[in-house]
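See below for the structure under consideration.
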Amino acid sequence: MSERDGAGDADGVDDWSLPDDLEAIQTALIEWYEGDHRDFPWRRTDDPYAILVSEVMSQQTQLDRVVDAWEEFLERWPTTADLAAADRADVVGFWTSHSLGYNNRAKYLHESATQIESEYDGTFPETPDELQELMGVGPYTANAVASFAFNNGDAVVDTNVKRVTYRAFSIPDDDSAFEAGANDLMPEGESRVWNNAIMELGGVACTQTPRCDEVGCPWREWCDAYASGDFTAPDVPTQPAFEGSRRQFRGRVIGTLREYDELELDTLGHRIRVDYAPEGEYGREWLTGLLSDLESDGLVDLERADADDELVARLQR
């Protein structure tokens with residue numbers, strides 16, 4: 001194993017390591033990515049302007065929805081010169097009409113195009129540090145543009161990358177550890193293909209609900225989570241089992257009552273679970289407690305037609 005310094009750190013942040021056969025790990029991921037991956041159009045270009053537009057748009061919007069907006073944006077303003085010459089209100093209007101998130105991102109994109117034309121003679125800066133001089137371009141976006149346009153970046157560390165490295169190599173949930181681990185994993189001079197590949201791994205294989213075997217994850221033989229079956233991650237908290245839980249039966253109650261105007265207690269009980277027995281463990285007392293919780297939450301009304309009638313449940317209207 002490739003050890004990190006500070007193994008005695010009290011919080012365990014520095015007490016982690018990567019496998020020794022990093023070259024095999026790197027090769028496996030790149031070959032997997034190059035063999036088959038989602039074909040987003042910005043992955044087919046090294047134009048820094050087109051990549052910057054894709055990165056800014058992707059901050060608030062799912063990638064599948066970005067494609068049309070990205071293509072329309074570049075058709076309307078194909079270069080930084082075109083964008084800089086545009087009326088800012090038109091750029092913001094485009095952003096709003098395509099539901100691309102905070103409008104200030106459109107303003108910053110317009111301003112950064114103006115900077116490139118006026119301060120850089122229309123030529124993009126190429127390093128992450130230089131790119132951060134552009135209006136609204138933070139460390140993550142600057143590094144992404146440097147990586148994908150110029151193959152000149154560090155490892156990208158987004159939510160997907162954190163999830164992958166946490167699960168695969170037990171890197172602790174700490175930003176500095178994730179940054180160090182991601183950069184140790186990346187082969188030198190390969191930021192373009194590597195960052196695309198590891199984000200693709202998190203986007204299609206090591207998702208919140210993992211699809212290891214389904215998509216042929218290339219890291220299964222090294223992955224700690226695959227070996228242990230524990231797929232928790234920083235953005236995937238441990239949750240109680242859903243099957244048989246109160247959450248499941250609350251959902252069944254609501255779903256069943258949507259189909260009927262109202263149901264008597266025992267009729268409802270038999271419809272939501274096969275082992276319902278009025279006097280049993282999962283009987284009237286259990287169901288009344290469940291319905292009382294739903295009533296407190298403002299979802300269900302529970303009442304009697306008169307003093308002798310059985311309880312009746314209905315959705316609150």
Side-chain angles (χ1 to χ4, degrees), residues 38 57-69 95-103 158-160 162-164 166-167 173 201-215 217 225-226 228-317:
R38 293 172 295 177
M57 285 185 174
S58 300
Q59 291 173 16
Q60 284 291 115
T61 311
Q62 291 182 338
L63 294 182
D64 288 338
R65 289 181 49 224
V66 170
V67 173
D68 288 342
W95 212 260
T96 301
S97 67
H98 287 75
S99 302
L100 290 168
Y102 298 114
N103 289 342
D158 68 354
T159 300
N160 282 335
K162 290 180 179 180
R163 187 188 320 118
V164 168
Y166 182 95
R167 284 174 171 167
D173 184 7
L201 188 68
V204 304
C206 198
T207 49
Q208 289 196 345
T209 300
R211 303 168 64 214
C212 318
D213 296 323
E214 181 182 351
V215 300
C217 173
Y226 190 77
S228 68
D230 179 3
F231 288 96
T232 54
D235 62 332
V236 188
T238 303
Q239 294 182 347
F242 180 72
E243 189 66 30
S245 67
R246 289 179 70 82
R247 288 185 300 128
Q248 182 184 39
F249 288 105
R250 281 167 60 98
R252 287 185 181 178
V253 167
I254 299 299
T256 302
L257 291 179
R258 283 199 181 108
E259 297 181 41
Y260 302 90
D261 183 43
E262 61 182 34
L263 286 174
E264 292 183 347
L265 198 69
D266 287 346
T267 302
L268 175 61
H270 286 297
R271 289 185 183 275
I272 67 168
R273 64 183 307 156
V274 296
D275 58 347
Y276 179 84
E279 305 302 327
E281 180 180 1
Y282 298 111
R284 289 177 187 148
E285 182 176 349
W286 170 83
L287 182 55
T288 300
L290 195 66
L291 291 168
S292 296
D293 289 346
L294 289 167
E295 189 174 40
S296 298
D297 291 340
L299 299 173
V300 168
D301 284 325
L302 186 62
E303 59 186 10
R304 297 180 187 276
D306 58 47
D308 296 324
D309 286 338
E310 188 176 351
L311 283 169
V312 170
R314 63 176 65 86
L315 289 182
Q316 287 195 16
R317 304 294 183 186

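- To the nearest 0.5 Å, atom CZ of residue R284 and atom CG of residue L268 are 12.5 Å apart.
- With a 6.0 Å radius and a threshold of 12 heavy atoms from other residues, nucleotides or ligands, E285 has its CD atom at or below the threshold.
- Across every non-hydrogen atom of H270 and Y276, the tightest pair is CE1-O, 3.4 Å.
- In terms of heavy atoms, C206 sits closest to V164 at CB-CG2, 3.7 Å.
- Heavy-atom minimum distance, V204 versus R211: O-NH1, 2.8 Å.
- For the atom pair R271 CZ and D266 CG, the distance stands at 12.5 Å (nearest 0.5 Å).
- Residues I272 and L287 form a side-chain contact, since some pair of their non-hydrogen atoms from C-beta on lies under 4.5 Å apart.
- Here the CG atom belonging to N160 is positioned 9.0 Å from the CD atom belonging to Q208, to the nearest 0.5 angstrom.
- W95 places no side-chain N or O within donor-acceptor distance of the main-chain N or O of N103, the cut-off being under 3.5 Å.
- Using modelled atom types, no side-chain atom of R167 and backbone atom of A233 make a donor-acceptor pair closer than 3.5 Å.
- Put simply, CG on L290 and CZ on R252 are 11.5 Å apart, with the number rounded to the nearest 0.5 Å.
- A205 approaches V215 most closely through the heavy-atom pair CB-CG2, 3.3 Å.
- Taking 4.5 Å as the limit, every side-chain heavy atom of L311 sits out of range of all side-chain heavy atoms of L291.
- What you find for A313 and L257 is that their closest heavy atoms are O-CD2, 3.7 Å.
- Applying the ring-ring contact (aromatic ring centres under 6.0 Å, His included) test to Y226 and every residue at least two apart in sequence or in another chain returns nothing.
- To the nearest 0.5 Å, atom OH of residue Y282 and atom CZ of residue F249 are 8.0 Å apart.
- How far CD of E295 is from CG of D301: 6.0 Å, rounded to the nearest 0.5 Å.
- Residues that satisfy the salt bridge (charged side-chain N to carboxylate O under 4.0 Å, His left out) test with D68, not counting sequence neighbours, are absent from this structure.
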